[in-house]
Amino acid sequence: MTFRSPVSEYEFMLKHIVGFEEVAATDLFAEASDDMVTAILTEAGKMCDEVMAPLERPGDLNPAYLENGVVRTSPGFADGWRAIAEGGWLGMSAPQEHGGMGLPMTITSAVNEMMSGACLSLQLAPLMSQGQIEALDHHASDALKELYLPKLISGEWTGTMNLTEPQAGSDVGALSSKAVPNGDGTYAVTGQKIYITWGDNDFAGNVCHLVLARLPDGVPGTKGISLFLVPKFLPDDNGNPGKANSLKVVSLEHKLGLHGSPTCVMQYDGATGWLVGAEHGGMAAMFTMMNNARLGVGGQGVGIAEAAYQKALAYALERKQGKTPSGGIVDHADVRRMLMEMKADLFASRAILLACAQAIDMSTATGEADCKTRAAFLTPIAKAFGTDTGIRVADIGLQVHGGMGFIEETGAAQFCRDVRVTSIYEGTNGIQAMDLVARKMMDGGEMANRLMDEIEELAERARPTHPNMAEAVWQACESLREATDWLVGQGDLQNRFAGAVPYLRAFARVLGGHYHLMAALADKGGPREKLARFYIKRMLPEHVGLLQHAQEGIEGAMALTLDELAS
Ligand SMILES: Cc1cc2nc3c(=O)[nH]c(=O)nc-3n(C[C@H](O)[C@H](O)[C@H](O)COP(=O)(O)OP(=O)(O)OC[C@H]3O[C@@H](n4cnc5c(N)ncnc54)[C@H](O)[C@@H]3O)c2cc1C
């Protein structure tokens with residue numbers, strides 16, 4: 001069973017679920033007509049199906065390795081990279097003046113999701129470059145932009161992001177890498193970074209690292225961090241890769257999955273770098289890249305969910321066990337339940353992801369604060385729910401395969417291994433949930449309530465045709481409102497944090513119900529309505545337990561002493 005990019009699904013989502021017509025109606029994205037979007041998605045889907053998907057298994061079986069300090073990539077990955085670059089998929093949302101396509105992030109998200117489903121290990125490379133392109137576009141000097149953006153956008157050079165150090169993971173502010181001014185406008189960057197995705201490769205002319213480090217007068221914590229662009233080869237006077245910079249890949253990590261993606265330990269020894277953004281303003285600049293990557297990582301979860309669903313369905317249709325009308329296990333009630341859960345959550349997570357991307361586009365196109373706040377609010381939900389869905393759907397997909405799921409040759413196990421890290425990197429899902437209940441609710445829950453108003457408005461509109469589904473969504477939303485009020489009322493943030501993960505999941509569940517209801521309205525009597533009924537009746541009720549959990553506060557979570565935990 002080979003991967004097929006779900007192009008027609010995106011077309012439905014853009015038209016009926018996420019309000020893409022609003023994006024296409026802006027001056028900035030006026031070119032994004034239905035025909036153009038369909039052509040782009042079709043072309044990208046073809047590249048994913050024909051070029052990237054065949055690389056997924058070879059990448060798993062032949063991991064990237066280090067040879068004389070250079071990363072050797074998995075067989076076929078260099079050709080895959082070239083196809084991505086030549087198709088223009090690196091610079092989809094990048095500015096046109098530097099060679100990008102200037103497309104809406106909604107379309108980029110759909111394409112990134114397809115690439116993830118086709119071959120996640122390779123997709124990480126364009127994702128890193130895209131994030132770097134956006135960070136440089138927003139924060140770098142004109143000179144840096146002119147030199148680096150065209151080469152990153154064309155795929156001649158690649159980009160990475162370097163935050164993590166052995167003692168500084170979630171707590172980025174604990175980093176100890178240093179940068180000292182050289183007196184000529186450049187800086188000498190020294191330190192060790194770990195887990196650097198695509199920290200090197202053997203197919204690009206240069207590898208450009210965005211590195212967080214502290215200037216001599218940088219205060220401790222995140223406020224004293226600056227961002228530097230540190231290329232593997234220093235560009236010569238003509239902008240071509242020249243002298244090797246003082247940096248190296250020390251080793252590659254041996255990982256549970258994503259074997260085709262080299263995860264590097266990097267050493268910088270007084271490497272020459274250029275400041276990006278203001279001195280001590282590194283986190284603001286890096287956040288541009290991280291927000292982009294968070295949405296991208298949410299899309300990785302959705303992409304793997306799509307691939308896992310396709311594989312599980314194909315197996316369920318073909319495998320015969322017991323007496324069923326078709327002879328296939330697909331007719332067993334429990335197998336059908338699994339497939340329905342996979343499909344229903346796939347839809348919900350994709351809708352949330354695209355709705356978040358749509359809000360980013362509206363914010364970019366209109367500059368309206370409301371759109372920006374909406375995008376910021378939806379980002380942690382899109383990241384955490386997208387990746388949790390990827391992990392859960394891949395796991396159910398393995399179960400559908402029975403014993404064969406545990407055998408590597410089916411590929412069902414690879415999905416589980418590859419997707420598992422998505423809830424960890426780009427800010428763990430716990431950190432995403434804390435962001436949602438703290439920073440994203442500094443407005444006293446205003447944005448959350450605005451979203452809930454929209455959910456209830458739609459439920460009211462759906463009452464005449466879909467009374468039961470509408471009532472269930474409306475009620476769930478009311479419960480979410482009560483829980484939100486409770487959370488916002490907790491001055492002690494620990495009370496919010498203890499229930500942040502179940503709260504985020506409940507929010508996603510309710511949003512999922514909202515989008516499923518929308519799909520039911522667009523497809524009365526059709527399969528989408530049936531799927532919506534399944535989700536709303538059987539999966540939405542999960543919100544009850546989650547919200548109860550979310551409102552229990554810190555006390556019970558800390559009830560056992562450390563000795564009691566260990567006993
Ligand atoms: C395959 C892979 C690729 C990666 N790629 C990159 C990359 O390209 N660039 C890069 O810079 N980094 C990268 N990372 C690093 C990744 O972003 C970190 O692993 C992640 O941020 C978590 O940090 P940590 O591993 O140190 O875990 P820790 O921070 O030690 O967290 C351990 C646990 O404690 C929890 N925790 C930590 N702090 C808090 C808190 N304040 N409140 C509540 N819970 C908390 C976490 O949620 C987690 O469950 C990659 C990691 C992997 C595995």
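Start at 1 and go down the list; that is how both ligands and their atoms are numbered.
- There is a protein heavy atom closer than 4.0 angstrom to atom 9 (N) of ligand 1.
- By the definition of a contact as any protein heavy atom under 4.0 Å away, atom 38 (N) of ligand 1 is in contact.
- Note on ring orientation: taking the six-membered ring where Trp is involved, the planes of Phe203 and Trp81 are parallel (angle under 30°, cut-offs 30° and 60°).
- The number of heavy atoms from other shown groups lying within 6.0 Å of CG (Leu562) does not exceed 12.
- The part of Glu426 lying near ligand 1 is the backbone, judged by heavy-atom distances below 4.0 Å.
- For ligand 1, one of its N or O atoms has an N or O atom of Thr428 under 3.5 Å away.
- Among all protein heavy atoms, the one lying closest to atom 42 (N) of ligand 1 is Met434 CE, 3.3 Å.
- Within the set Pro262, Ser170, Ala168, the minimum heavy-atom distance to atom 36 (N) of ligand 1 is found for Ser170.
- Protein heavy atom nearest atom 13 (C) of ligand 1, with residue, atom name and distance: Tyr195 O, 3.1 Å.
- The six-membered or imidazole ring of Phe507 lies near that of Phe377, with a centre-to-centre distance under 6.0 Å.
- Of the listed options Phe497, Tyr425, Trp198, Tyr425 places a heavy atom closest to atom 16 (C) of ligand 1.
- In terms of polar-atom proximity, Met161 is counted as a contact of ligand 1, with an N or O under 3.5 Å from an N or O of the ligand.
- The protein non-hydrogen atom at the shortest distance from atom 20 (C) of ligand 1 is Ile424 O, 3.7 Å.
- Protein heavy atom at the shortest distance from atom 18 (C) of ligand 1 is Thr164 OG1, 4.3 Å.
- Under the 4.0 Å distance rule, the nearest protein heavy atom to atom 32 (C) of ligand 1 falls outside the cut-off.
- For atom 26 (O) of ligand 1, the nearest protein heavy atom (residue, atom name, distance) is Gly169 CA, 3.2 Å.
- At least one heavy atom of Val421 lies less than 4.0 angstrom from ligand 1.
- Closest heavy-atom contact between Leu252 and Cys264: CD2-SG, 3.5 Å.
- Side chains of Glu165 and Ser176: a donor-acceptor N/O pair is present below 3.5 angstrom, by distance only.
- Comparing Val297, Thr197, Leu124 by heavy-atom distance to atom 5 (N) of ligand 1, the nearest is Thr197.
- Of the protein's non-hydrogen atoms, Leu163 N, 2.8 Å is the one closest to atom 11 (O) of ligand 1.
- The protein heavy atom nearest to atom 45 (C) of ligand 1 is Ile431 CD1, 4.1 Å.
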